[in-house]
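Structure first, commentary second.
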Amino acid sequence: MGKNLTKRNVDFSKWYNELVIKADLAEHSDVRGSMVIKPYGFAIWENIKDILDKKFKETGHVNAYFPLLIPKSYLSKEADHVEGFAKECAVVTHYRLKNAEDGSGVVVDPTAKLEEELIIRPTSETIIWASYRKWIQSYRDLPLLINQWANVMRWEMRTRLFIRTSEFLWQEGHTAHATRTEAVAEAEQMHDVYADFAQNYMAIPMIKGVKSDSERFAGALETYTIEALMQDGKALQAGTSHFLGQNFAKAFDVKFADKEGKEEFVWATSWGVSTRLMGALIMAHSDDEGLVLPPALAPFQSVIIPLFQKDETVNEKLLAEAEVIAKRLRAKGIRVQVDKDDQKRPGFKFAEYEMKGYPTRIVVGPRDLENGTVEIARRDLKNKTSVNNADIETTIEALMTEIQENIFKKAVDFRTENTTEVKTYDEFKKAIKNKGGFVVANWDGTEQTEDRIKSDTKATIRCIPLEGSKADGPCVYSGNEAKYKVIFAKAY
RNA sequence: CGGGGUGUAGCGCAGUCCGGUUAGCGCACCUGGUUUGGGACCAGGGGGUCGCAGGUUCGAAUCCUGCCUCCCCGACCA
């Protein structure tokens, strides 16, 4: 645990990498692009997972588990889908190792070659739809609303802790419906679930919108996305929900008999969020002292630190008092930890809990015992106040709400400051180059314009906002009639 | 896939150019003691196939050849 975290304005990327390590969230494994998620990082993910899982169940979904390995032939059944993922698939070709003849270790046994190679899932549409084919015969079997929590693997060229690792954890919902309307409604519903979660728990404001043709999920008719803005001015796609039409039903021949006994292909959706959310959480709120976590997701919302002295009887009292406070807070549903370590000095501990983003810190020293007080520090504002012992619960409870709201507001303000509406391409280029952030502009709706802007400025269309205003002038690039007013940004 | 870097104790690094006792340093760890209201200190201690393979040499972490790893930046990417 070092004390020198690179400053954000010096090298944001370096800051991020160091922070993930120093806050003890994750570390690199020996395999390129894959990471070990450490207990503290995993605790945050578990909170994300638990809350979302509850929301999925409240909206009528059930969990299941489908296999990691997918027959290679499955992948090619949906043309756009294979096109989108083929380049980044890990392939299992053998099922046995043997001792090397020169004693140097183990080697692949060439006689154990698989008849049909297996793909490590980059996503599970294909294997799930192969099952759905068997499960769906009648309109009575619909809708089928299934989610799975799983790991997937995409052999990305360049990786980044949490933001893009070769293996990552996620959830993927896969639903089947009798009608187009119902499937679209499902995709939209989950889009809302994601946006609400991001806003209310992660404290990150999201732009809700749909993807342009070129950014759409491989095999989807419509991709709903939530887009967040990070502190370095780059956008991060935080969650997507896809209306898949009948593409997968047709590819996997999944038909049902409707009420009239007529055979129809089912309508599908899929939706997912991943450990990438961790990256969003880190880059949206944290500062040069370390992680800043919203109380709603922090593994511990407070830590109680007794200031141990050389006098053992005093220490016993301090620890006893800390335990009493912890008990009182737990009774109010606060997640709290007592730091019993008597070796490290207070200053070290303060810095460490700040690095790890604990929303509040409660310090109990001999003076507090005498005065009947504690010192409460909040992470987001980095201030400290003395609080009467009797007021601890109400103070901490109020702080949970305040901190949650404050960091959300801060993120909203940041986004507002870093959103620029432009009318001319000169303004556009200047905004992207000098300021970054979201750039709002009219777009003629063509892929050609999108491509040109991308190769010119590296900015892409993040989304066509659902609640944005209509096009109100010519396309910022081509000068032709604009179809939409969209959000551009450089993205992760 | 291009560019850059890297591999020596759990972690971070020095040593390599210019080969030579027992391979160092900081942090961490263990023992004892003093400390504890913003990153403590003293004393003692343990821990190493120097990325891998081959070569040169009386002698290789150091020189030569080949290979590999991982990281960072970029291109790529729902």
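Each chain gets a letter, A, B and so on, in the order the sequences are listed, and its residues count up from 1.
A:Gln309 places its CD atom 14 Å from the C1' atom of B:rA40, with the value rounded to the nearest Å. The interatomic distance linking A:Glu312 (CD) with B:rU36 (P) rounds to 13 Å, in whole Å. As a whole-Å value, the separation of A:Phe350 CZ from B:rU36 P is 14 Å. Taking atom CD on A:Glu27 and atom P on B:rG10, their separation rounds to 14 Å, with Å as the unit. Atom-to-atom, CD of A:Gln343 to C1' of B:rU35 comes out at 10 Å; the value is rounded to the nearest Å. Rounding to whole angstrom units, CG of residue A:Asp339 and P of B:rG37 are separated by 13 Å. As rounded to whole Å, 9 Å separates atom P of B:rC77 from atom CD of A:Glu215. The distance from atom NZ of A:Lys22 to atom P of B:rG12 is 11 Å, rounded to the nearest whole Å.
Here the separation of B:rG48 from B:rG10, taken at their P atoms, is 8 Å to the nearest Å. For the C1' atoms, the distance from B:rG47 to B:rU6 is 24 Å, rounded to whole Å. Nucleotides B:rC52 and B:rG44, compared at atom P, are 34 Å apart to the nearest Å. Nucleotides B:rG55 and B:rA14 place their P atoms 30 Å apart, quoted to the nearest Å. The same atom, C1', is picked in B:rG59 and in B:rG74; the two are 45 Å apart, to the nearest Å. The gap from the P atom of B:rA23 to that of B:rG51 amounts to 15 Å, rounded to the nearest Å.
Annotation for A:Lys435: atom NZ counts as buried by contact number, over 12 foreign heavy atoms lying within 6.0 Å.
Contact annotation: side chain of A:Lys310 to base of B:rG33, donor-acceptor pair absent below 3.5 Å. The base of B:rG38 has none of its N or O atoms less than 3.5 Å from a complementary donor or acceptor on the side chain of A:Glu352.
Using a 4.0 Å cut-off between charged nitrogen and carboxylate oxygen, A:Asp287 and A:Arg379 count as a salt-bridge pair. Between A:Asp339 and A:Lys349, at least one side-chain N (NZ, or NE/NH1/NH2) sits under 4.0 Å from a carboxylate O, which counts as a salt bridge. One finds no salt bridge joining A:Asp288 and A:Lys7 here, because no Lys/Arg side-chain nitrogen approaches an Asp/Glu carboxylate oxygen to under 4.0 Å. Residues A:Glu323 and A:Lys340 are paired through a salt bridge, judged by an N-O separation under 4.0 Å between the basic side chain and the carboxylate. The pair A:Asp380-A:Arg378 meets the salt-bridge criterion, since a charged nitrogen lies less than 4.0 angstrom from a carboxylate oxygen.
Taking the centre and axis of the six-membered ring of A:Trp149, the NZ or CZ atom of A:Lys49 falls inside the cone set by 45° and 6.0 Å. The side-chain tip of A:Arg361 points at the ring of A:Phe350 from less than 6.0 angstrom away and within 45° of straight on.
A:Trp155 comes within contact range of no nucleotide atom at all, as no heavy-atom separation falls under 4.0 Å. Residue A:Glu125 is out of contact with every strand shown, counting any heavy-atom pair closer than 4.0 Å. A:Gly84 comes within 4.0 angstrom of nothing in the nucleic acid, heavy atoms only. Looking at heavy-atom distances under 4.0 Å, A:Glu88 makes contact with sugar-phosphate atoms alone, never a base. Using a 4.0 Å heavy-atom distance criterion, A:Thr240 is classed as a base contact.
A:Arg345 has no side-chain polar atom (N or O) that falls below the 4.0 Å cut-off from OP1 or OP2 of B:rU36.
Non-hydrogen atoms lying under 4.0 Å from RNA chain B are contributed by nothing in residues 484-492 of chain A.
As the counterpart of B:rA9, no nucleotide is assigned, since no Watson-Crick or G-U wobble pattern has both distances under 3.5 Å. Pair assignment for B:rG32: B:rC42, on the basis of Watson-Crick or G-U wobble contacts that are both within less than 3.5 Å. For B:rC76, there is no paired base (Watson-Crick or G-U wobble, both distances below 3.5 Å).
Between A:Phe252 and A:Phe248, the ring planes are parallel. Angles under 30° get that label, and only those over 60° would be called perpendicular. Between A:Phe197 and A:Tyr201, the ring-plane angle classifies as parallel under the 30° and 60° cut-offs.
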How would you summarise protein contacts on nucleotides 68-76 of chain B per nucleotide, using B for base, S for sugar-phosphate only and - for none, with heavy-atom distances below 4.0 Å? --SSSBBBB

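Residues A:Tyr358 and A:Gln301 bring no donor and acceptor atom of their side chains to less than 3.5 Å of each other.
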